[in-house]
Amino acid sequence: MTDHYLKQYADAGLYVMQGRLSAPEAGRFQSFPRASWAAEIEAAPKAGLRGIEWIFDLYGEGANPLETAESRSQLREALKASGVSVVSICADYFMDCPLVRVDTETFGKRLEILKWLISICPEMGVTRVVLPFVDASKMIDSNDKERVLSALHTVLPDAVESSVELHLEADFNPDDFRSFLGEIDHPLVKVNYDSGNSSSLGYAPAKEFAAYGDRIGSFHIKDRVMGSSTVPLGSGDADFASLRAGLIDISYRGDFVLQVARGVSGDEVEWLRKVSDAARAWLRGDTPDGRCTMSGA
């Protein structure tokens with residue numbers, strides 16, 4: 001177990017959550033950037049980023065180029081021209097339109113949307129879909145858990161056919177998450193680990209990694225104050241030293257996506273460059289005590 005992969009990844013550059021490279025729209029902290037998605041593709045290399053985690057949500061309906069074959073073709077050309085990679089989709093649509101606590105008909109319709117989203121991944125070169133089960137879509141009780149398990153089992157054949165991983169973002173404590181994952185022990189079902197969400201909930205990285213580290217498939221880099229909101233890297237309660245040690249211990253080989261606090265509106269590219277530099281220094285092990293902080297950016 002060495003840090004070779006983390007250093008190699010840092011040198012190649014990080015991904016960023018779509019929308020962070022432009023000013024927020026309609027007061028939304030995170031959403032598909034209807035007005036600026038094309039400009040973000042051109043901006044990503046200027047911020048030293050290798051790619052974007054694309055957002056599919058209700059706000060972007062009618063403007064997201066994922067929606068039609070023609071616009072997907074145009075999107076592929078734009079990505080190729082800028083040298084920007086998109087290998088993942090964050091399906092925030094299921095935050096707006098949850099799979100839990102809905103009637104059978106609505107559940108079926110939303111499953112069809114998920115199946116469609118999985119089906120278009122191969123032509124886009126997308127290898128994973130992140131499914132959020134937090135906030136409005138969180139699993140509250142056993143009924144919710146059974147509904148989500150039913151959804152996953154239903155779409156797994158589609159995921160297998162398309163070679164698409166399903167990465168779950170949830171707010172379970174480590175033991176409960178391990179138990180839930182045990183109910184669907186499939187190589188395409190993995191965990192999207194969010195360092196900010198875990199720090200906000202007060203979860204210790206060592207306990208999380210011990211419980212389900214072998215199932216972690218992607219990593220959102222973020223910092224949050226315990227019980228509160230997202231803050232700049234290094235100013236919250238995320239234990240980045242323990243996180244790096246844990247990543248090395250489990251021989252992590254997935255992607256890193258910046259889902260960080262926003263800076264000053266209008267200065268997104270320069271802000272993301274500084275954030276990226278700080279995160280890459282952390283991954284390389286170049287920061288004091290293994291911390292990830294903007295102070296050294």
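Every heavy atom of this structure was used, including side-chain atoms; hydrogens, water molecules and symmetry mates were not. FYI, the numbering just counts along the sequence from 1.
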Asks: Taking the ring of F172 and the ring of F133, is the distance between their centroids below 6.0 Å?
Replies: no
Asks: Do L79 and I52 come close enough that some side-chain heavy atom pair is under 4.5 Å?
Replies: no
Asks: Are side-chain N/O atoms of W54 and N64 paired as donor and acceptor at under 3.5 Å?
Replies: yes
Asks: Take the angle between the ring planes of F177 and Y212 and call it parallel below 30°, perpendicular above 60°, tilted in between.
Replies: tilted
Asks: Taking atom types as modelled, find out whether S85 and Y15 have a side-chain donor-acceptor pair closer than 3.5 angstrom.
Replies: yes
Asks: Return the CG to NZ distance between L131 and K190, rounded to the nearest 0.5 Å.
Replies: 14.5 Å
Asks: T293 and F240: side-chain contact (heavy atoms from CB on, under 4.5 Å), yes or no, with the steps?
Replies: CA-CA 9 Å; T293 176; F240 283 103; over 6 Å; no
Asks: Do I120 and L188 share a hydrophobic cluster (ILVMFWY, side-chain heavy atoms under 4.5 Å, transitive)?
Replies: yes
Asks: Roughly how far, to the nearest 0.5 Å, is the NZ atom of K46 from the OG atom of S82?
Replies: 9.0 Å
Asks: Examine distances only and state if a side-chain atom of S235 and a backbone atom of P232 form a donor-acceptor pair shorter than 3.5 Å.
Replies: yes
Asks: Evaluate the criterion side chain to side chain donor-acceptor pair (under 3.5 Å) for residue pair S218 and N192; output intermediate values, then yes/no.
Replies: CA-CA 5 Å; S218 55; N192 170 251; 2.9 Å; yes
Asks: Short question: side chain of T154, backbone of S150 - any donor-acceptor pair under 3.5 Å?
Replies: yes
Asks: Under 4.0 Å between a side-chain nitrogen and a carboxylate oxygen: does that hold for R224 and D194?
Replies: no
Asks: How about CD on E270, more than 12 heavy atoms from neighbouring residues, nucleotides or ligands closer than 6.0 Å, or not?
Replies: yes
Asks: With rounding to the nearest 0.5 angstrom, report the CG to CD distance, D141 to E146.
Replies: 10.5 Å
Asks: Does any N or O in the side chain of R244 come within less than 3.5 Å of the main-chain N or O of L283, such that one atom is a donor and the other an acceptor?
Replies: yes
Asks: Is the backbone of P65 close enough, under 3.5 Å, to the side chain of Q74 for a donor and an acceptor to pair up by distance?
Replies: no
Asks: Could you state whether M139 and L111 fall into the same hydrophobic cluster, counting links through intermediate Ile, Leu, Val, Met, Phe, Trp or Tyr residues with side-chain heavy atoms under 4.5 angstrom apart?
Replies: yes
Asks: State whether the side chain of S199 and the backbone N or O of S195 hold a donor-acceptor pair below 3.5 Å, judged by distance alone.
Replies: yes
Asks: Is there a donor-acceptor pair closer than 3.5 Å between any side-chain N or O of S162 and the backbone N or O of A159?
Replies: no
Asks: Given N197 and Y203, is the side-chain contact (heavy atoms from CB on, under 4.5 Å) satisfied, shown in steps?
Replies: CA-CA 9 Å; N197 291 353; Y203 297 155; over 6 Å; no
Asks: So, taking the atom named NZ in K145 and the one named CG in D176, what distance separates them when rounded to the nearest 0.5 Å?
Replies: 5.0 Å
Asks: Do D135 and M95 have side-chain heavy atoms sitting under 4.5 Å apart?
Replies: yes
Asks: Distance-only, no hydrogens or angles: does the T2 side chain make a donor-acceptor pair with backbone N or O of H4 under 3.5 Å?
Replies: yes
Asks: Quick one: are F32 and D92 in side-chain contact, heavy atoms under 4.5 Å?
Replies: no
Asks: Would you say the rings of Y93 and F56 are close, in the sense that their centroids are separated by under 6.0 Å?
Replies: yes
Asks: Report yes if some heavy atom in the side chain of L152 is under 4.5 Å from a heavy atom in the side chain of L168; otherwise report no.
Replies: yes
Asks: Are S36 and E25 close enough that some pair of their side-chain heavy atoms sits under 4.5 Å apart?
Replies: yes
Asks: Contact between C121 and V129 at the side-chain level, heavy atoms closer than 4.5 Å - yes or no?
Replies: yes
Asks: Report yes or no: do V134 and F29 belong to one cluster of Ile/Leu/Val/Met/Phe/Trp/Tyr joined by side chain heavy-atom distances under 4.5 Å?
Replies: no
Asks: Among E268, Q30, Q259, whose side-chain hydrogen bond (donor to acceptor under 3.5 Å, both in side chains) with R20 holds?
Replies: Q30
Asks: State plainly whether the residues D144 and R147 are in salt-bridge range, i.e. N to O under 4.0 Å.
Replies: no
Asks: Applying ring-ring contact (aromatic ring centres under 6.0 Å, His included) as the test, list every pair that has at least one member in residues 255-280; sequence neighbours left out.
Replies: Y9-F256, F219-F256, Y252-F256
Asks: Once rounded to the nearest 0.5 Å, what's the spacing between atom OG of S198 and atom NZ of K222?
Replies: 9.5 Å
Asks: Check this for me, if you would: do R215 and D185 make a salt bridge, where the nitrogen-to-carboxylate-oxygen distance has to be below 4.0 angstrom?
Replies: yes
Asks: Output yes when a side-chain donor or acceptor of R34 lies under 3.5 Å from a complementary backbone atom of Y59, and no otherwise.
Replies: yes
Asks: P205 versus Y193: any side-chain heavy-atom pair under 4.5 Å?
Replies: yes
Asks: Taking side chain as C-beta onward, heavy atoms only, is P98 less than 4.5 Å from R110?
Replies: yes
Asks: Quick test of your reading: applying salt bridge (charged side-chain N to carboxylate O under 4.0 Å, His left out), list the pairs with at least one residue in residues 49-76, sequence neighbours left out, ordered by first then second residue.
Replies: E53-R128, R72-E123, R76-E123
